[in-house]
Structure formats: structure tokens, C-alpha cells
Number of protein chains: 2
Amino acid sequence: MTLTAKAEETRERILDAALRLFRERGFDETTMRDIAAEAEVATGAAYYYFRSKEELVVAFYVRTAEEAREIVPKILGRSGDLRKRLRALIDLKLKQFADDRRLLLAIARIGVDPSHSLSPFAKETEPMRSESIDSFRQAVDGSDARISRDLQKDLPQLLWLYQMGILLYWIFDESPGQMRTLKLLDGTLDIVVRLIQISSLPLMGPLRKRLLSVVRAIS
Amino acid sequence: MTLTAKAEETRERILDAALRLFRERGFDETTMRDIAAEAEVATGAAYYYFRSKEELVVAFYVRTAEEAREIVPKILGRSGDLRKRLRALIDLKLKQFADDRRLLLAIARIGVDPSHSLSPFAKETEPMRSESIDSFRQAVDGSDARISRDLQKDLPQLLWLYQMGILLYWIFDESPGQMRTLKLLDGTLDIVVRLIQISSLPLMGPLRKRLLSVVRAIS
DNA sequence: GTCTATATGGAGATAGAC
DNA sequence: GTCTATCTCCATATAGAC
């Protein structure tokens with residue numbers, strides 16, 4: 001998988017050409033022929049580096065994940081408040097994708113099919129997924145919220161799922177400045193944090209255990 | 001939109017041929033040429049009646065919705081228990097689609113894109129959607145559960161959304177007999193009903209109001 | 001209105017040049 | 001290993017026959 005310098009340059013040229021065209025005219029409106037022409041290679045060359053058009057979008061997604069790796073520790077250092085920490089993580093993602101929001105539509109189409117190898121839920125994308133889940137683990141563990149031990153184990157995954165839901169809503173949110181998503185985020189994040197606290201009360205043990213056993217049975 | 005008898009027969013022949021082939025070899029593996037050939041018409045004829053391959057799946061979906069219209073009142077007559085009533089509605093859908101579960105994958109791909117005219121969330125499919133939501137309204141209204149008035153208004157839509165989530169999970173559930181979905185249903189339905197009851201307590205007014213205001217802001 | 005014959009344009013595959 | 005030229009197959013469009 002290690003590429004020569006020349007190959008690496010060709011690959012980057014194709015990816016850049018693709019992202020440029022996707023931004024200009026949209027994913028569906030851009031053909032692989034267009035991309036190859038823009039990068040000044042034959043169509044087959046584009047397929048040599050990216051097995052499908054969707055894989056170009058995934059490559060973009062991977063780029064942002066690499067960026068995030070460096071940023072996450074910084075933004076988590078700012079506060080111990082769980083709500084703020086979660087908000088920081090989600091805001092980062094939204095910011096990273098802000099200019100290419102519609103592009104994620106292509107990923108969303110794949111995303112609903114977990115058997116597709118490029119789905120965020122597929123085995124093949126496990127490394128990226130667990131890295132993302134792990135950032136939620138950091139957000140939880142480093143916070144000053146008191147969370148029952150059993151919940152603490154599965155919470156990061158649940159929060160990641162919550163983030164995916166928010167992202168999905170955002171992708172299709174055509175309200176000005178996507179303010180509907182911001183409202184959704186404002187409203188639900190508050191509820192989520194409150195539910196975490198409520199369900200961590202000893203009184204809530206039975207309901208919490210039931211919920212967690214369902215979560216474990218299906219995931 | 002009223003078809004002559006002959007046209008109606010052709011349309012049915014094409015739809016039946018399509019569903020037969022979809023079942024035999026799957027949606028992606030069946031081409032419009034295959035379908036037209038199986039129905040003994042030209043490719044264009046298939047497109048005359050169905051604007052796209054997906055529309056054939058939607059036609060199937062509409063068939064089951066028509067069936068359901070007669071069955072729903074019967075199954076809701078059997079018990080006043082909210083949990084049982086909701087379970088009956090969801091079980092019906094699962095039963096109706098049981099033999100063509102994988103076919104719904106084609107709808108799921110569309111489904112995530114609310115701007116697609118065939119999405120269950122699109123304006124164009126509003127009649128079907130509201131009929132389905134209305135069956136949940138019947139399930140709630142006719143039950144013996146005590147539900148706060150404000151929640152009662154939005155609850156049917158929320159329950160419909162819950163059902164869509166279950167269906168989505170089921171479509172991709174490859175466990176034997178889809179028992180994972182049944183576990184998910186068993187576990188979550190219990191929690192859902194309990195949450196409805198808990199949140200209807202006067203004590204929960206503020207949290208409930210916050211939740212409902214979010215729901216209204218985004219839908 | 002109902003349908004056939006034929007055309008178009010794109011995703012992806014492949015043989016083989018270098 | 002990198003890449004070009006060319007091919008196949010399909011969804012969908014369209015002109016026009018009946």
C-alpha cells in the first residue's frame with residue numbers, strides 16, 4: 001500500500017480534482033470521466049487509486065479524521081463540563097464538514113447499508129469508528145460528571161451514535177445556516193446529559209440495566 | 001391516472017414480473033431489461049408505468065399499505081394495553097414484509113434522502129405517511145394508558161419514527177430469523193411505554209415540555 | 001393513451017503498454 | 001507497479017408507430 005512519490009502525487013491530484021468538482025457542481029453531477037479529465041489522466045487511472053466514486057468521498061472523510069486527531073485533545077482540555085465537552089466534539093465535526101456538507105450525502109446513502117464496505121458501520125471502517133468512539137470516551141472519562149460504572153462502559157458508543165444522528169439530520173438540513181440542526185443540538189444535548197445523570201441515580205438501576213442489556217444484545 | 005382495463009393488466013404484469021425477479025435474484029441483480037422481458041413488453045413499457053426501478057418497490061409498498069388498511073382496525077380491537085397495541089402494529093408490518101425483507105433495502109437507500117420524491121419523509125409520500133401515523137394515533141387514543149395531553153398530540157409521529165427505526169434495523173438484520181430485531185423490539189418497546197408513562201407524570205412537566213418543544217422546532 | 005425500437009451517457013472492468 | 005485505450009452493461013430518454 002506504500003506509494004511511490006510519483007504515484008502519491010497522481011493520487012493527490014485525482015483526489016483534489018474530484019473534491020474541486022464535487023464542490024463546484026455536486027457529487028451526482030460529476031462523472032469519473034470529468035474527474036479524470038480534470039486531473040489529466042485516463043478514467044482507468046482514477047479507478048486505479050479509488051475503487052469507486054464513493055471512495056473519493058471516504059478519502060476526504062479520512063483527511064478530516066486525521067486533522068481531528070490533533071485538535072481533539074486541545075478542545076477537550078478547555079472544560080470539565082460534560083455538556084461542553086460533548087458539544088465541542090460535535091461542533092468540531094460540523095465545522096470540518098461545513099463547506100462540503102452536501103458531499104456527505106454520498107456517504108449517507110452508503111451509511112444506511114451496514115453491509116456496504118464503506119459504511120461507517122461496516123467492519124472495514126472499524127479503525128476510524130473506534131477512533132471516533134474513543135474521543136467520546138475521553139470526553140466522558142475526563143469530565144466531572146458522576147456516571148454509574150456500567151453506563152460508563154457503553155456510553156461512548158451511544159454518544160457516537162447520537163453524533164451520527166445529528167450529522168445525518170444536518171446533512172439534509174436546508175434551513176438557513178442549518179439552524180434547525182443547531183436547535184436540535186441545543187435541545188437534545190441538554191436532555192442527553194440530563195438523562196445520563198438521572199439514569200446514573202441508584203433509584204434508576206433496574207431501568208438502566210434493562211436499557212444496557214438491550215444495547216449489548218443488539219450491537 | 002385512470003387506466004384502461006388493458007393498461008391495468010399490462011401494469012400488473014410488469015409489477016408481478018418485477019417482484020418475482022426481485023425475490024429470485026435480488027433488486028440490484030435484476031435489470032429493467034429482465035423485467036420487461038419477463039413481462040413480455042419492451043423496456044420502454046416498463047418505464048411508461050414506473051418511472052424508475054425503485055418505483056416498482058414503492059408500488060409493492062403501496063400494495064401492503066392497502067392491505068393494512070383493513071387489518072389494522074381488527075388487530076387494534078383485541079386489547080386496550082398500549083404496549084400490546086403498538087406491538088400489534090409493528091408485528092403486522094414485519095409480517096407483511098417478511099418474505100421480501102431484503103427488497104426494502106432499495107427503499108432504505110432512498111429513505112435517507114428526504115429530498116428524494118420517493119423517500120418516506122418526502123412531501124410526495126405524505127398521504128401514505130399520515131395514514132401510517134394515524135394508525136398509531138388510533139393505537140394511542142384507544143388505549144387505557146393515561147397520557148398527558150400535550151404529549152398525546154405529538155406521540156403518534158414519534159411512535160411512527162420509532163417504527164421506522166425498528167424497520168431499518170430489521171432490514172439489515174441477518175441474524176437467524178431476525179431475532180436480534182425481536183430482542184430490540186422486546187427491550188425497547190417496554191422502555192418506550194414506560195417512558196411515556198413516566199414523562200406523563202406532573203413532576204416531569206418541565207423535561208417533557210423541553211423535549212416537545214425540540215420535536216416541534218425541528219419537524 | 002399505450003407501447004416499440006433505438007439512442008445516450010455513465011459506472012466500472014479489462015487487456016495490455018510502459 | 002502505473003496508467004491508457006477500449007469495452008461492456010445498464011438505467012433511463014425519446015421519437016414515433018399504432
Side-chain angles (χ1 to χ4, degrees), chain A residues 1-19 21-22 24-60 103 105-107 109-110 113 116-119 124, chain B residues 1-19 21-22 24-60 103 105-107 109-110 113 116-119 124:
Chain A
M1 237 311 183
T2 328
L3 298 172
T4 66
K6 187 175 145 240
E8 180 65 36
E9 202 253 302
T10 309
R11 198 195 113 103
E12 288 296 301
R13 197 147 38 87
I14 293 167
L15 179 54
D16 287 337
L19 294 178
L21 292 178
F22 288 158
E24 269 171 30
R25 42 179 112 154
F27 180 79
D28 286 334
E29 291 70 26
T30 303
T31 73
M32 281 299 252
R33 291 158 203 268
D34 294 340
I35 294 168
E38 175 88 1
E40 293 175 311
V41 290
T43 317
Y47 278 103
Y48 178 71
Y49 290 104
F50 304 94
R51 265 168 306 181
S52 70
K53 212 166 110 180
E54 284 82 10
E55 205 160 298
L56 283 158
V57 185
V58 173
F60 161 68
L103 187 51
L105 224 156
I107 290 202
R109 280 201 288 248
I110 293 173
D113 184 353
H116 192 298
S117 63
L118 298 180
S119 161
E124 287 87 342
Chain B
M1 241 307 182
T2 326
L3 300 172
T4 66
K6 185 174 146 242
E8 179 65 35
E9 202 252 303
T10 308
R11 199 194 112 102
E12 288 295 302
R13 198 147 36 88
I14 293 168
L15 180 54
D16 287 337
L19 294 178
L21 292 178
F22 287 159
E24 271 172 30
R25 42 179 111 156
F27 180 79
D28 284 334
E29 291 69 27
T30 304
T31 73
M32 281 301 251
R33 289 158 203 265
D34 295 338
I35 294 168
E38 174 89 1
E40 293 174 312
V41 291
T43 317
Y47 278 100
Y48 178 71
Y49 289 104
F50 304 94
R51 266 168 305 179
S52 70
K53 211 166 114 181
E54 282 83 10
E55 205 160 297
L56 283 157
V57 184
V58 173
F60 161 68
L103 187 50
L105 224 156
I107 289 201
R109 280 202 289 247
I110 294 172
D113 184 354
H116 192 299
S117 63
L118 297 181
S119 160
E124 288 88 340

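Proteins get letters first, then strands, A, B, ... in listed order; numbering begins at 1 in each. Bear in mind the structure is a predicted one, so any value in this text is a computation, not a measurement.
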If you measure from CG on A:Asp34 to OG1 on A:Thr43, what distance do you get to the nearest 0.5 Å?
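Answer for the CG-OG1 pair, A:Asp34 versus A:Thr43, is 9.5 Å.
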
Decide side chain to side chain contact (heavy atoms under 4.5 Å, CB included) for A:Arg11 and A:Ile14; before the verdict, give the C-alpha distance in whole Å, the side-chain angles of both, and the deciding distance to 0.1 Å.
CA-CA 5 Å; A:Arg11 198 195 113 103; A:Ile14 293 167; 5.9 Å; no

Pull out every residue in residues 24-37 of chain A that has a heavy atom closer than 4.0 Å to any atom of DNA chain D, ordered by number, or say none.
none

Counting only heavy atoms and a strict 4.0 angstrom limit, can you tell me which residues of residues 40-48 of chain A come near DNA chain D?
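A:Val41, A:Ala42, A:Gly44, A:Ala45, A:Tyr48 - these, ordered by number, are the residues of the stretch whose heavy atoms sit under 4.0 Å from the strand.
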
Nearest whole Å is fine: how far is [N] [atom2] from [X] [atom1]?
{"X": "B:Leu56", "N": "D:dT12", "atom1": "CG", "atom2": "C1'", "value": "13 Å"}
{"X": "A:Tyr49", "N": "C:dG12", "atom1": "OH", "atom2": "C1'", "value": "18 Å"}
{"X": "B:Phe50", "N": "D:dA11", "atom1": "CZ", "atom2": "P", "value": "15 Å"}
{"X": "B:Arg11", "N": "C:dT2", "atom1": "CZ", "atom2": "P", "value": "12 Å"}
{"X": "B:Lys6", "N": "D:dC18", "atom1": "NZ", "atom2": "P", "value": "14 Å"}
{"X": "B:Ile14", "N": "C:dC3", "atom1": "CD1", "atom2": "C1'", "value": "9 Å"}

Between A:Phe22 and A:Leu56, does the side chain to side chain contact (heavy atoms under 4.5 Å, CB included) criterion hold? Intermediate values first, please.
CA-CA 10 Å; A:Phe22 288 158; A:Leu56 283 158; 4.1 Å; yes

Just jot down the side-chain hydrogen bond (donor to acceptor under 3.5 Å, both in side chains) partners of A:Glu24, sequence neighbours excluded, or say none.
none

Residue set satisfying side-chain hydrogen bond (donor to acceptor under 3.5 Å, both in side chains) with A:Arg109, at least two apart, ordered chain then number -> A:Asp28

I need the full list of salt bridge (charged side-chain N to carboxylate O under 4.0 Å, His left out) pairs touching residues 50-59 of chain B, with sequence neighbours left out, sorted by first then second residue.
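Salt bridge (charged side-chain N to carboxylate O under 4.0 Å, His left out) check on residues 50-59 of chain B returns B:Arg51-B:Glu55.
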
Is B:Thr4 near enough to C:dT2 that one of its side-chain N or O atoms lies under 4.0 angstrom from OP1 or OP2?
yes

All salt bridge (Lys or Arg N to Asp or Glu O under 4.0 Å) counterparts of B:Glu9, not counting sequence neighbours:
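Residues passing salt bridge (Lys or Arg N to Asp or Glu O under 4.0 Å) with B:Glu9: B:Arg13.
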
Would you indicate whether A:Glu12, at its atom CD, is surrounded by more than 12 heavy atoms from other residues, nucleotides or ligands within a distance under 6.0 Å?
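Check passes, neighbour count above 12.
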
